[in-house]
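Notes to accompany the following structure.
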Amino acid sequence: MRVSKLFTKTLKNAPADEVAKNAQLLIRGGYIHKEMAGVYTYLPLGKRVLEKVMQIVREEMNTVGGNEISLTALQHKDVWEASGRWSDEVLDVWFKTKLANGTELGLAPTHEEPLTKLMKNYISSYKDLPVYPYQFQIKFRNELRSKSGLMRGREFWMKDLYSFSRDQAQHDEFYEKISEAYDHVYERLGIGDITYKTFASGGSFSKYSHEFQTLSEVGEDIIYVHEGKKIAINEEVYNDEVLADLGLSKDELVEKKAVEVGNIFTLSTKFSDALDLNYTDESGASQRVFMGSYGIGPSRVMGLLAEHFADDKGLVWLVNIAPYTVYLVSIGEKGSAEADKLYEELTGMGIEVLYDDRDERPGAKFADAELLGIPYRVTVSDRLVESGEFELVQRVDGAQETLTHEALVDRLKQL
Ligand code: ATP
Ligand code: MG
């Protein structure tokens, strides 16, 4: 992509009412636009980052047998009345609306009910189970406070996978498998070392659920971390009984602030009871389907990554999350001619290049490269063209090298 063709521009300042660092940086970089508190538009660069996060999640969900679908955001109230969750007292984050004839609709804050109902069309025999539909979908939640930028949206992206199993044993096997898939997701996102599988309340269906909590000073959750065992306990279930249960003692645990980047949950037959989702077992008897739900927040993850991978000059994306790998800067007339050629060559090799072809001061181009956080900056100037060289600078540590054309291409190929 040529910067001259990108309709967004970098900004000196974020809106005064934006208090979250992640949103400030992303807005200044032109990654996102703030519509209102907790509601953000993804602009071209932001859309690319979001897609990269989602693609990592997608690959890991497909590995454990996920079937990707896309459910509707508009929901009839009936299906939610069946579970008791249409009530604003039970689910306090609803956005509701009406058809012209008065029929009430809700904008889905999650999808257990509609998916359970949908699956009645496809599940009837034990041979149909297990099955793991999932989606990436915008959820609507009227969150009380929405001051954490992308990390707490009123409209946000969620990956939600639901498991439909024959019984608890089949469920438990999958639960362990997807827990490992979650570990892979966070490792690939570059936050594996600071993300803890955390014991949390299991609701009324199981003793625990598990949250994946990433340590962060801006986190809204408090967890108690066991660094050696790489597990944690959410403060909501931090008590003597749970400690005994897990064989942990208070003096081994450290209190930390964290962001919930995902969770896995045993639902048991709560929703199959409510919506009458059954299958016929091998003996011909009717059984309830056993369910689980598994969320990850790609928008929240993107906010967290922006918050975590940043310095005083701007964002510092890892290569696999960055919207582009290389920020190509041309300086001067000969530099521009050479940069044009290099841009074609690198993009032809499948390297993702953001080419700053604007007629701007070098300092302004460098500052944008830094604010945007593109991992590698390549500079082609009149002076460098004369010596047949290219300058390569790494965003993460500012390390600078001068390379021949061949050496440069070799280096970038390896990324
Ligand atoms: P929280 O306790 O932070 O409100 P939650 O328990 O309501 O989260 P779930 O309903 O389980 O979250 O949603 C699954 C995932 O979606 C969460 O793990 C989180 O990553 C993400 N998520 C939840 N709420 C939001 C939000 N308002 N904005 C962005 N992401 C969210
Ligand atoms: Mg919530």
Side-chain angles (χ1 to χ4, degrees), residues 20 22-23 26 32 34-40 42 46 49-50 53-54 56-57 60-61 71 83 85 88 90-95 107-113 115 134-163 178-179 181-182 185-186 189 191 195-203 205-206 208-216 218-223 232 234-237 257-267 270-271 291-308:
N22 67 84
L26 291 167
I32 60 174
K34 183 174 189 171
E35 295 297 326
M36 62 187 90
V39 181
Y40 298 89
Y42 292 82
V49 173
L50 181 69
V53 171
M54 296 203 290
I56 288 174
V57 177
E60 297 299 334
M61 293 305 104
L71 292 161
S83 68
R85 291 211 289 180
D88 293 311
V90 178
L91 230 174
D92 58 4
V93 292
W94 273 111
F95 283 107
L107 285 159
T110 178
H111 276 93
E112 283 82 0
E113 285 86 342
L115 180 60
Y134 78 98
Q135 63 173 343
F136 293 92
Q137 224 248 8
I138 292 179
K139 305 294 190 214
F140 298 88
R141 292 187 184 176
N142 197 352
E143 302 275 3
L144 202 56
R145 282 180 313 277
S146 206
K147 291 187 175 164
S148 302
L150 289 189
M151 295 200 283
R152 186 168 295 283
R154 295 201 164 100
E155 175 181 328
F156 63 93
W157 284 92
M158 194 196 286
K159 182 285 298 179
D160 42 333
L161 183 146
Y162 302 86
S163 63
I178 198 163
S179 172
Y182 272 44
V185 167
Y186 302 118
L189 292 169
I191 50 175
T195 302
Y196 287 77
K197 186 170 173 179
T198 302
F199 289 79
S201 162
F205 336 111
S206 71
Y208 301 109
S209 68
H210 294 93
E211 296 170 344
F212 290 77
Q213 293 273 4
T214 307
L215 303 186
S216 168
V218 297
E220 295 179 14
D221 292 0
I222 302 286
I223 62 169
N234 190 305
E235 70 171 342
E236 67 184 22
V237 296
K257 283 194 202 162
V259 174
E260 183 196 310
V261 287
N263 64 15
I264 59 178
F265 215 91
T266 298
L267 298 170
K270 176 182 159 89
F271 295 99
M291 291 173 57
S293 70
Y294 313 84
I296 290 182
S299 337
R300 180 176 288 181
V301 164
M302 179 172 160
L304 177 89
L305 296 177
E307 194 92 25
H308 184 70

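Order of listing sets the numbers, starting from 1, for every ligand and every atom in it.
Residue V261 touches ligand 1 through its backbone alone, judged by heavy-atom distances below 4.0 Å. The part of E143 lying near ligand 1 is the side chain, judged by heavy-atom distances below 4.0 Å.
Between Y186 and Y182, the angle of the ring planes goes over 60°, which puts this pair in the perpendicular group of the 30/60° scheme.
Heavy-atom distances between N263 and ligand 1 reach below 4.0 Å in at least one pair. Put simply, part of G262 is less than 4.0 Å from ligand 1, judged by heavy atoms. At least one heavy atom of M151 sits closer than 4.0 Å to an atom of ligand 1.
Looking only at heavy atoms of the protein, atom 14 (C) of ligand 1 is closest to M158 CE, 3.7 Å. At the shortest separation from atom 4 (O) of ligand 1 among protein heavy atoms lies R152 NH1, 2.9 Å.
A side-chain donor-acceptor contact under 3.5 Å links S209 to the backbone of S201. Of the possible donor and acceptor atoms, one in the side chain of Q213 sits under 3.5 Å from a partner among the backbone N and O of E260.
Side-chain contact check for E113 and S83: at least one donor-acceptor pair (N or O, by modelled atom type) lies under 3.5 Å.
Not a single N or O atom of W157, backbone or side chain, sits closer than 3.5 Å to an N or O atom of ligand 1. At under 3.5 Å, a nitrogen or oxygen of G297, whether backbone or side chain, sits near a nitrogen or oxygen of ligand 1. At least one N or O atom of E260, backbone or side chain, sits closer than 3.5 Å to an N or O atom of ligand 1.
Under the ring pair (Phe, Tyr, Trp, His ring centres under 6.0 Å) criterion, Y196 pairs with no residue, sequence neighbours left out.
Of all the atoms in ligand 1, the ones that sit under 4.0 Å from a non-hydrogen atom of G153 are 26 (C), 27 (N), 28 (N), 29 (C).
Ion pairing between a basic and an acidic side chain is recognised when a charged N comes within 4.0 Å of a carboxylate O; E112 and R85 show such pairing.
When all heavy atoms of Q135 and L71 are compared, the closest pair comes out as OE1-N, 2.8 Å.
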